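Keep in mind that this is a model prediction, so the values were computed, not measured.
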Amino acid sequence: QVRLEESGGASVQAGGSLRLSCAASRNTYSTGCMGWFRQVPGKEREGIAAIYIENGRTNYADSVKARFTISQGEAKNSAYLQMNSLTPEDTAVYFCAADFRLVSSCSLSGSYDYWTYWGQGTQVTVSS
């Protein structure tokens, strides 16, 4: 069993930045994906960024493209989300997810078909 732990959530002013971190409980991985999702009460979970562990290839939702950057740690058992130019619409609980199966690409769908492990979430609040 793999545990994921997020950190870095906070309250910030619009236009500010935050960096979220996600650490997996096991050591290094060479396959699969790590990703970030967010959810607002009453809405579906939104996939916003994912990184392919093997080569660092990334993909983003249009809502965060050019503002958010996902990266992975050197040991490949951690992922980071640098969030810049935050707006109140970015307010949500942010979840880290991971799946270490051999896949050819990373999905931004929040389905458990694609993502086996999930963190507990960290709150990001952006005020205007």
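When all heavy atoms of Glu44 and Gln39 are compared, the pair lying nearest together is C-NE2, 4.1 Å. Of all non-hydrogen atoms in Trp36 and Cys22, the two that sit nearest each other are CZ2-CB, 3.6 Å. Across Pro88 and Ser127, no two heavy atoms sit closer than the pair CG-C, 4.4 Å. Summarising the geometry of Leu4 relative to Tyr117, their closest heavy-atom pair is CD1-O, 3.4 Å, with the distance given to 0.1 Å. Of all the heavy atoms in Ala14 and Ser128, the pair that sits closest is CB-CA, 4.2 Å. Across all non-hydrogen atoms, the minimal contact from Gly35 to Ile70 is CA-CD1, 4.2 Å.
Between the CG atom of Leu20 and the CZ atom of Phe68 there is a distance of 8.0 Å, given to the nearest 0.5 Å.
Residue pairs meeting the salt bridge (Lys or Arg N to Asp or Glu O under 4.0 Å) criterion with at least one partner in residues 92-112, sequence neighbours excluded, are Asp99-Arg101. Annotation: salt bridge (Lys or Arg N to Asp or Glu O under 4.0 Å) contacts involving residues 7-16, sequence neighbours excluded, are absent. For residues 37-62, the pairs satisfying ring pair (Phe, Tyr, Trp, His ring centres under 6.0 Å) are Phe37-Trp115, Phe37-Trp118, with sequence neighbours left out. Residue pairs meeting the salt bridge (Lys or Arg N to Asp or Glu O under 4.0 Å) criterion with at least one member in residues 3-21: none, sequence neighbours excluded. Judged as a disulfide bond (SG atoms under 2.5 Å apart), the pairs with a partner in residues 98-128 (not counting sequence neighbours) are, in order, Cys33-Cys106.
A donor-acceptor distance shorter than 3.5 angstrom exists from the side chain of Thr31 to the backbone of Phe100, with no hydrogens or angles considered.
Checked against salt bridge (charged side-chain N to carboxylate O under 4.0 Å, His left out), Asp62 has the following partners two or more places apart in sequence or in another chain: Lys65. Legend: residues meeting side-chain contact (heavy atoms from CB on, under 4.5 Å) with Val12, ordered by chain and number and at least two apart, are Leu18, Leu86, Val126. Residues meeting the side chain to side chain donor-acceptor pair (under 3.5 Å) test with Ser78, sequence neighbours left out: Tyr80. Residues meeting the side chain to side chain donor-acceptor pair (under 3.5 Å) test with Thr125, sequence neighbours left out: Gln123. Take Gln72 and apply the side chain to side chain donor-acceptor pair (under 3.5 Å) test, not counting sequence neighbours, and it matches no residue. With sequence neighbours excluded, the residues that form a salt bridge (charged side-chain N to carboxylate O under 4.0 Å, His left out) with Glu46 are Arg38. Partners of Arg67 by salt bridge (charged side-chain N to carboxylate O under 4.0 Å, His left out), not counting sequence neighbours, listed by chain and number: Asp90.
In this structure, the side chains of Tyr94 and Ile48 come closer than 4.5 Å at one or more pairs of heavy atoms. Residues Arg57 and Ser105 are in side-chain contact: their nearest non-hydrogen atoms beyond the backbone lie under 4.5 Å apart. Using a 4.5 Å heavy-atom threshold, the side chains of Lys76 and Ser30 count as separate. Using a 4.5 Å heavy-atom threshold, the side chains of Tyr114 and Val103 count as separate.
If you chain together hydrophobic residues whose side chains sit under 4.5 Å apart, Leu81 and Met34 fall into the same group. Cluster annotation: Val40 and Phe95 are assigned to distinct hydrophobic clusters (Ile/Leu/Val/Met/Phe/Trp/Tyr, side-chain heavy-atom contacts under 4.5 Å, transitive).
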